[in-house]
Colleague: 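I have a structure here, written as structure tokens, and I will follow up with some questions on it.
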Amino acid sequence: MRKILVAGALGQIGSELTMGLREVYGVDNVIASSRSAKAGLEKVIESGPFEVVDITDGKKLHEVVKKNKVDTIINLAAVLSAVGEKYPDRAWDVNMNGLYNILEVGRQENCSVFTPSSIAAFGPSTPPDNTPQDTIQRPNTMYGVTKVAGELLCDYYYTKYGVDTRGVRFPGLISYETLPGGGTTDYAVEIYYEALKNKKYASFIAKGTKMDMMYMPDALNAITQLLEADPDKLIHRNAFNVTAMSFDPEEIAASIKKHIPEFELSYDVDKVKQAIADSWPNSLDDSAAKEQWGWNPEYNLETMTKDMLEKLTIKLGL
Ligand code: NAD
Ligand code: SER
């Protein structure tokens, strides 16, 4: 049985992934960690082992991995796109120096390492439609720069040291458990909360801007599936394009209107986030993930919207 350390376990992905992994691998085999305990996430902190680890502190990270006899590190600690443009120094420190520490500990303690990349690893010169697995990657955000460099660093640790590194390029993730941590695709989460609470939403992303998206249950499956995939079949390892749907604000609003007919969408575009969105693909080609490890998402826009509205109605006590 694996002994897994989830770094950044209290974020949008980690808070759900940790609980899911504890069901599969056993509570004691999944150690949640973050740079500090966070109010509201007691479920994750108290349902199994929890360690305070800032991944920029390589010494502490190493101690925790050794003490808990960890053999698999899932690295979700990061600074996302919009926050990264506000604090590029912080984004570099966590996303690069933190990742370096994770890989070094992985090398020294013989751990597998899973690190998500992002659609942000692409940039304005990338072919935007059906973006290929292998293509031009010249992002113009600090987050994107760290994601491309991270993909390369993970490849390097595999080829040079044989560390079993794996990862996917996630699109925008939509979920109802934990709010997203400051990304460009967050509008596609906010819109559901506002549709239920106020029947209207002012999108910070402009009309007609398409981006790839995915519902959280599919994202969690992607991580566990790739983690357990046959290594002999993996050609890309660290940066598999994965997607489930591509839509713009009008399309997600139309899917919400089927359930809440009075819902109204307006626009209050954020220049910085819009520029980031404009630099990302409209839609990804994820055939390499399908071929090499059987990636196959379950949710599309309509089924996700139905589930999100049902789950959020309960969560918000409406
Ligand atoms: P998030 O912002 O919700 O969570 C990240 C967590 O890491 C936060 O709880 C934060 O407190 C913690 N953290 C930050 N700095 C840390 C440090 N130095 N040490 C330890 N913990 C630290 O992010 P997420 O959405 O869960 O994303 C996880 C990973 O998936 C990231 O690598 C992100 O780039 C990638 N990803 C996410 C999305 C998405 O839409 N959520 C899309 C593409 C890629
Ligand atoms: N959802 C993420 C962001 O917008 C994509 O990596 O930053």
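Atoms within a ligand are numbered from 1 in the order they appear, just like the ligands themselves. Please read all numbers here as calculations on a predicted model, not as lab measurements.
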Colleague: Could you name the option among Pro116, Ser117, Ala91 that has the heavy atom nearest to atom 44 (C) of ligand 1?
Modeller: Ser117
Colleague: I need the atoms of ligand 1 closer than 4.0 Å to a non-hydrogen atom of Gly181, numbered in the order shown.
Modeller: 2 (O), 3 (O)
Colleague: Where does Ile55 meet ligand 1, judged by heavy-atom distances below 4.0 Å: at the side chain, the backbone, both, or neither?
Modeller: both
Colleague: Indicate yes or no: does Arg166 engage Asp164 in a salt bridge with an N to O separation below 4.0 Å.
Modeller: yes
Colleague: Keeping the roles fixed (side chain from Asp286, backbone from Asn241), state whether a donor-acceptor pair exists under 3.5 Å.
Modeller: no
Colleague: Where is the nearest protein heavy atom to atom 1 (N) of ligand 2: which residue, which atom, and how far?
Modeller: Thr185 OG1, 2.7 Å
Colleague: Please write down residue, atom name and distance for the protein heavy atom closest to atom 36 (N) of ligand 1.
Modeller: Tyr143 OH, 3.8 Å
Colleague: Near Thr184, which atoms of ligand 2 are under 4.0 Å from a heavy atom of that residue?
Modeller: 3 (C), 4 (O), 7 (O)
Colleague: May I ask you to list the atoms of ligand 2 that are less than 4.0 angstrom from any heavy atom of Trp280?
Modeller: 3 (C), 4 (O), 5 (C), 7 (O)
Colleague: Out of curiosity, is Gly98 lining ligand 1, as in a heavy atom under 4.0 Å away?
Modeller: no
Colleague: Heavy atoms only: give me the nearest Met216-Gln12 pair and the separation to one decimal.
Modeller: CE-O, 3.5 Å
Colleague: In terms of ring plane angle, is the pair Trp295 and Trp293 parallel, tilted or perpendicular, where the classes change at 30° and 60°?
Modeller: tilted
Colleague: Using modelled atom types only, decide if a donor and an acceptor are shared between the side chain of Asp218 and the backbone of Glu298 within a distance under 3.5 Å.
Modeller: yes
Colleague: Please report the interatomic distance OH(Tyr100) to CZ(Arg107), rounded to the nearest 0.5 Å.
Modeller: 7.5 Å
Colleague: Nearest heavy atom to atom 18 (N) of ligand 1: which of Asp54, Val6, Ile13 does it belong to?
Modeller: Asp54
Colleague: Note the single closest protein heavy atom to atom 15 (N) of ligand 1, along with its residue, its atom name and the distance in Å.
Modeller: Val94 CG1, 3.7 Å
Colleague: Just heavy atoms, cut-off under 4.0 Å: does Ala120 contact ligand 2 by side chain, backbone, both, or neither?
Modeller: neither
Colleague: In terms of side-chain geometry, is the basic nitrogen of Lys210 or Glu251 positioned less than 4.0 Å from the acidic oxygen of its partner?
Modeller: yes
Colleague: Just jot down the ligand 1 atoms closer than 4.0 angstrom to any heavy atom of Ala78, in number order.
Modeller: 7 (O), 14 (C), 31 (C), 32 (O)
Colleague: Which residue, Val163, Asn75, Leu103, forms the side-chain contact (heavy atoms from CB on, under 4.5 Å) with Cys154?
Modeller: Leu103
Colleague: Please confirm whether the backbone N or O of Ala82 pairs with a side-chain atom of Lys273, one donor and one acceptor, at under 3.5 Å?
Modeller: no
Colleague: Any heavy atom of Val53 sitting closer than 4.0 Å to ligand 1?
Modeller: yes
Colleague: Of all the atoms in ligand 1, which lie at a distance below 4.0 Å from a heavy atom belonging to Lys38?
Modeller: 9 (O)
Colleague: May I ask you to decide if Thr184's main-chain N or O and Ser81's side chain share a donor-acceptor pair within less than 3.5 Å?
Modeller: yes
Colleague: Can you pull out the closest protein heavy atom to atom 10 (C) of ligand 1? Residue, atom name and distance to 0.1 Å, please.
Modeller: Arg35 NH2, 4.0 Å
Colleague: Suppose we measure from atom 3 (C) of ligand 2 to each protein heavy atom; which comes out shortest, and what is that distance?
Modeller: Ser81 OG, 3.3 Å
Colleague: Once you measure the plane-to-plane angle for Tyr176 and Tyr215, does it fall in the parallel (<30°), tilted (30-60°) or perpendicular (>60°) bin?
Modeller: tilted
Colleague: What protein heavy atom sits nearest atom 22 (C) of ligand 1, and how far off is it?
Modeller: Ala77 CB, 3.6 Å
Colleague: Any side-chain donor-acceptor pair under 3.5 Å between Glu177 and Ser15?
Modeller: no
Colleague: Check Phe170 against ligand 2 and report side chain, backbone, both or neither, counting heavy atoms closer than 4.0 Å.
Modeller: neither
Colleague: Does Tyr143, backbone or side chain, put an N or O under 3.5 Å from an N or O of ligand 2?
Modeller: yes
Colleague: Measure the CZ-CG distance between Phe263 and Asn198 for me, rounded to the nearest 0.5 Å.
Modeller: 10.0 Å
Colleague: For atom 23 (O) of ligand 1, what is the closest protein heavy atom, and at what distance to 0.1 Å?
Modeller: Leu80 CD1, 3.4 Å
Colleague: Which of the atoms in ligand 2, numbered in the order shown and given with their element, are less than 4.0 Å from a heavy-atom of Ser118?
Modeller: 5 (C), 6 (O)
Colleague: Check ligand 1 against Leu10 and write out every atom of the ligand that is under 4.0 Å from a heavy-atom position of the residue.
Modeller: 9 (O)
Colleague: Return the residue, atom name and 0.1 Å-rounded distance of the protein heavy atom closest to atom 41 (N) of ligand 1.
Modeller: Gln12 OE1, 2.9 Å
Colleague: Examine ligand 1 and decide if any of its atoms is less than 4.0 Å from a heavy atom belonging to Arg169.
Modeller: no
Colleague: Between Asp230 (side chain) and Asp232 (backbone), is there a donor-acceptor pair under 3.5 Å?
Modeller: yes
Colleague: Under 4.0 Å from a heavy atom of Ser118: which atoms of ligand 1 are those, numbered in the order shown and with their elements?
Modeller: 43 (C), 44 (C)
Colleague: What atoms of ligand 2 come within less than 4.0 Å of a heavy atom belonging to Leu80?
Modeller: 2 (C), 7 (O)
Colleague: Do me a favour and list the nearest non-hydrogen protein atom to atom 28 (C) of ligand 1 with residue, atom name and distance?
Modeller: Leu76 O, 3.2 Å
Colleague: So is Pro171 in contact with ligand 1, going by heavy-atom distances below 4.0 Å?
Modeller: yes
Colleague: Is it true that Glu302 and Lys306 have a side-chain N and a carboxylate O under 4.0 angstrom from each other?
Modeller: no
Colleague: Measuring from atom OG of Ser33 to atom CD1 of Ile73, what distance do you get when rounded to the nearest 0.5 angstrom?
Modeller: 9.0 Å
Colleague: How far is atom 39 (C) of ligand 1 from its nearest protein heavy atom, and which residue and atom name does that atom have?
Modeller: Leu173 CG, 3.7 Å
Colleague: Ligand 2 versus Tyr187, non-hydrogen atoms closer than 4.0 Å: side chain, backbone, both, neither?
Modeller: neither
Colleague: Could you check if a side-chain atom of Gln133 sits within less than 4.5 angstrom of a side-chain atom of Gln292, using non-hydrogen atoms only?
Modeller: no
Colleague: Can you list the atoms of ligand 1 that are under 4.0 Å from a heavy atom of Gly172?
Modeller: 40 (O)
Colleague: If you measure from the Lys or Arg side-chain nitrogens to the Asp or Glu carboxylate oxygens, is any gap between Glu63 and Lys66 under 4.0 Å?
Modeller: no
